[in-house]
Amino acid sequence: MASILEELFFIRRILAISEAGLAYASDRFDIERYQDLRQLAMQRLSELGNVQVTTVAELFKDEAGYPTPKVDVRAFIRQKNQVLLVENSHGEWALPGGFAEIGWTLKENVIKEVHEETGLTVNTATLRAVYDTSLRKDVPQTFQYYKFIFACTVESGEFVKNSETVAMQWFDKDQLPPLSMKRTTPEQIAQLFDSVDLHVD
């Protein structure tokens, strides 16, 4: 019997195939088949997550077109053996960052995300790591993300409470708080401290 993680991977592939089919199909019967396939996958995803199908549909409402992995940008800001993390409303911490927006470069995106989540103005130095979230089978996610992490330095500013984060704090690399594992893992933070070379995963 397939594990939940294996089934989640299978459903993600079915959704991707159905979305690609809907993006390119012209025959009305093929379109109906891809729509049925998409609906079946969403139905099963709702059962796995114990949520309404309408909730799953809302999650995927902006996913029309050829499906590709999403891009996530994060900032690695350190002082000696400490790292700067932000806290969400669920009490989980992560490197500041979020979705990359169209029209901005990766560096512009990470600078913008840090300012929105912390109130800080930062400079980006180098791309420190690239992670593929689908490789973490123990941290299942509905979507696949390519996570770009940049080493940044603080120029100015102080924390400003906002709609995304409730706190900002420095943590020793060996005494981390509860992390939002879908955003930042302990292994990622350790790798960011231990290597100055680009880490690709």
Side-chain angles (χ1 to χ4, degrees), residues 2-16 19 41-42 44-53 55-63 67-78 83-102 106 109-110 112-118 127-152 161-171 173-193 199-201:
S3 69
I4 292 178
L5 289 176
E6 290 171 331
E7 189 167 358
L8 179 60
F9 175 81
F10 178 77
I11 293 170
R12 280 171 45 189
R13 289 295 302 137
I14 295 298
L15 281 169
E19 290 294 353
M42 285 191 178
R44 184 58 187 142
L45 196 58
S46 75
E47 293 168 358
L48 283 177
N50 196 28
V51 296
Q52 297 292 323
V53 176
T55 302
V56 176
E58 181 67 18
L59 186 64
F60 284 88
K61 69 183 176 73
D62 297 323
E63 297 303 308
T68 63
K70 295 180 179 295
V71 175
D72 180 63
V73 293
R74 299 275 156 187
F76 175 59
I77 306 170
R78 67 178 291 185
V83 59
L84 184 71
L85 301 176
V86 292
E87 183 184 19
N88 64 22
S89 59
H90 301 293
E92 298 173 327
W93 297 79
L95 296 172
F99 283 132
E101 293 188 15
I102 292 172
L106 286 172
N109 266 292
V110 76
K112 178 180 70 68
E113 285 294 325
V114 171
H115 191 265
E116 288 176 355
E117 293 193 351
T118 68
L127 177 62
R128 182 62 70 87
V130 180
Y131 295 101
D132 179 352
T133 60
S134 68
L135 298 179
R136 284 298 300 259
K137 304 302 182 185
D138 58 326
V139 186
Q141 300 197 50
T142 303
F143 299 107
Q144 180 181 9
Y145 298 86
Y146 291 156
K147 191 178 296 290
F148 293 82
I149 301 179
F150 288 86
C152 297
K161 192 172 181 179
N162 55 83
S163 61
E164 297 182 67
T165 60
V166 298
M168 173 186 83
Q169 190 172 325
W170 294 94
F171 291 93
K173 66 177 183 178
D174 297 318
Q175 294 181 318
L176 297 173
L179 295 176
S180 172
M181 293 290 286
K182 292 183 178 181
R183 295 174 176 84
T184 303
T185 69
E187 294 85 357
Q188 289 168 354
I189 291 177
Q191 288 165 349
L192 290 165
F193 269 104
H199 179 92
V200 180
D201 193 43

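Residues satisfying the side chain to side chain contact (heavy atoms under 4.5 Å, CB included) test with Gln52, not counting sequence neighbours, are Thr54, Thr55.
Atom CD1 in Ile77 sits 8.5 Å away from atom CE in Met168 (nearest 0.5 Å). Within the model, atoms CG of Leu15 and CE of Met42 stand 6.0 Å from one another, a figure rounded to the nearest 0.5 Å. The distance from the OG1 atom of Thr118 to the CD atom of Glu164 is 11.0 Å, given to the nearest 0.5 Å.
Closest approach of Met181 and Thr185 over heavy atoms only: O-CG2, 3.5 Å. Of all heavy-atom pairs between Ala41 and Ile11, the closest is O-CG2, 3.6 Å.
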| request: Check step by step if side-chain hydrogen bond (donor to acceptor under 3.5 Å, both in side chains) holds for Glu116 and Asn162. | output: CA-CA 7 Å; Glu116 288 176 355; Asn162 55 83; over 6 Å; no
Scan the side chains in residues 145-152 for donor-acceptor partners under 3.5 Å anywhere in the protein, sequence neighbours excluded, and list what turns up.
from	atom 1	to	atom 2	distance (Å)
Lys147	NZ	Asp72	OD2	2.7
Lys147	NZ	Arg183	O	3.0

Kindly list each side-chain donor-acceptor pair under 3.5 angstrom involving residues 83-102, sequence neighbours excluded, with atom names and distances?
from	atom 1	to	atom 2	distance (Å)
Asn88	OD1	His90	N	2.9
Asn88	OD1	Gly91	N	3.2
Asn88	OD1	Glu92	N	3.0
Glu101	OE2	Lys112	NZ	3.2

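Using a 4.5 Å heavy-atom threshold, the side chains of Leu106 and Leu127 count as separate. By the 4.5 Å heavy-atom criterion applied to side chains, Arg74 and Val110 are not counted as neighbours.
Put simply, the side chain of Glu117 never gets that close to the backbone of Val114: no donor and acceptor are under 3.5 Å apart.
Looking at Glu187 and Tyr131, their side chains never bring a donor and an acceptor atom within 3.5 Å of each other.
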